[in-house]
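Read through the structure below, which is laid out as C-alpha cells, and then see the notes.
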Amino acid sequence: QVQLVESGGGLAQAGGSLRLSCATSGGTFSNLHMGWFRQAPGKAREFVSAISWSDVNTYYADSVKGRFTISRDNAKNTVFLQMNNLKPDDTAVYFCAASSRALLTTLQSFYAYWGQGTQVTVSS
C-alpha cells in the first residue's frame with residue numbers, strides 16, 4: 001500500500017513562493033506517475049500538475065503554467081511542487097497523488113493513492 005504525506009503548505013503573500021513536498025512509502029516510487037491536485041473552498045478538486053515515473057513528461061493546468069514546477073527525486077521517494085508568483089486564486093488544499101497506470105494522465109480517477117492534503121493560503 002502506497003502512502004503519501006504532503007508538507008510545505010502555509011501562508012504566503014501574493015507574488016510569493018512556496019515549495020510543497022510529498023514523501024511516499026510502501027511502494028516502488030520510481031514506477032509511479034505522480035500528480036498534484038487542489039481543492040479550493042466550495043469548489044471541486046482540480047488537476048494542477050503531473051510528472052511521469054521516468055521524469056521525462058510533465059503536465060500543467062493552464063492556470064499554473066509558467067508559475068509552478070513539478071519535479072521528483074526518485075532516490076528520496078519524493079515529489080515536489082515549486083510554486084512561484086502565487087495568487088490568491090491559488091488558495092486551496094493541495095493533494096499529492098500516485099498512479100501505477102501505464103500512461104501519465106490528468107484524470108483524478110486514474111490515481112489510486114492520495115495524501116491527506118496540505119493547506120496553501122495566499123493573501124492579497
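- Nearest heavy atoms, Thr78 versus Ala23: OG1-CA, 4.1 Å.
- Contact record, Tyr111 with Gly35: CE2-N, 3.7 Å, taken as the closest heavy-atom pair.
- Val122 and Met83 fall within the same hydrophobic cluster, where Ile, Leu, Val, Met, Phe, Trp and Tyr residues are linked whenever their side-chain heavy atoms come under 4.5 Å apart, directly or through other members.
- Heavy atoms only, all atoms of each residue included: Asn74 and Ser30 are closest at ND2-CB, 3.9 Å.
- In this structure, CZ in Arg45 is found 13.5 Å from CZ in Arg38, a value given to the nearest 0.5 Å.
- Cluster annotation: Trp53 is not connected to Phe47 through the hydrophobic network of ILVMFWY side chains, with a link wherever side-chain heavy atoms come within less than 4.5 Å.
- Glu6 places no side-chain N or O within donor-acceptor distance of the main-chain N or O of Cys22, the cut-off being under 3.5 Å.
- Annotation: side chain of Leu86 is not in contact with side chain of Gln13 (no heavy-atom distance under 4.5 Å).
- In this structure, the separation between CG on Leu104 and CG on Leu32 is 12.0 Å, given to the nearest 0.5 Å.
- A 6.0 Å sphere centred on NZ of Lys65 holds more than 12 heavy atoms belonging to other residues, nucleotides or ligands.
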Pair Trp36-Val79, side-chain contact (heavy atoms from CB on, under 4.5 Å): steps then yes or no: CA-CA 9 Å; Trp36 286 98; Val79 63; 4.0 Å; yes

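- There is no path of hydrophobic side-chain contacts, each under 4.5 Å, that joins Tyr60 to Phe95.
- The hydrophobic cluster containing Phe37 also contains Val93, counting ILVMFWY residues as joined when their side-chain heavy atoms lie under 4.5 angstrom apart, directly or transitively.
- With hydrogens and angles ignored, the 3.5 Å screen pairs a side-chain donor or acceptor of Thr24 with a backbone N or O of Asn77.
- A salt bridge between Lys87 and Asp90 is absent, with no side-chain N of the basic residue lying under 4.0 Å from a carboxylate O of the acidic one.
- Atom SG of Cys96 sits about 9.0 Å away from atom CH2 of Trp114, to the nearest 0.5 Å.
- Between Ala14 and Ser124 the shortest heavy-atom distance is CB-CA, 4.2 Å.
- Looking at every heavy atom in both residues, Val48 comes nearest to Phe68 through CG1-CD2, 3.8 Å.
- Taking OG1 from Thr69 and CZ from Phe80, the interatomic distance works out to 13.0 Å, rounded to the nearest 0.5 Å.
- Going from atom OH of Tyr113 over to atom CD of Gln3 covers 11.0 Å, rounded to the nearest 0.5 Å.
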Stepwise side-chain contact (heavy atoms from CB on, under 4.5 Å) check, Leu20 with Thr118: CA-CA 8 Å; Leu20 304 184; Thr118 185; 4.0 Å; yes

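- Taking the side chain as every heavy atom from C-beta outward, Ser21 and Lys76 never approach each other to under 4.5 Å.
- Under a 3.5 Å cut-off, the side chain of Arg72 and the backbone N or O of Phe29 do form a donor-acceptor pair.
- Looking at heavy atoms from C-beta onward, Asp89 lies out of side-chain contact with Ser63 at the 4.5 angstrom threshold.
- Within a 6.0 Å radius of CD in Gln119, other residues, nucleotides and ligands contribute more than 12 heavy atoms.
- Distance alone, capped at 3.5 Å, places no donor-acceptor pair between the Ser52 side chain and the His33 backbone.
- Here the straight-line distance linking atom CZ of Arg19 with atom CG of Asn84 works out to 11.0 Å at 0.5 Å rounding.
- Follow the hydrophobic side-chain contacts under 4.5 Å out from Ile70 and you reach Val64 in the same cluster.
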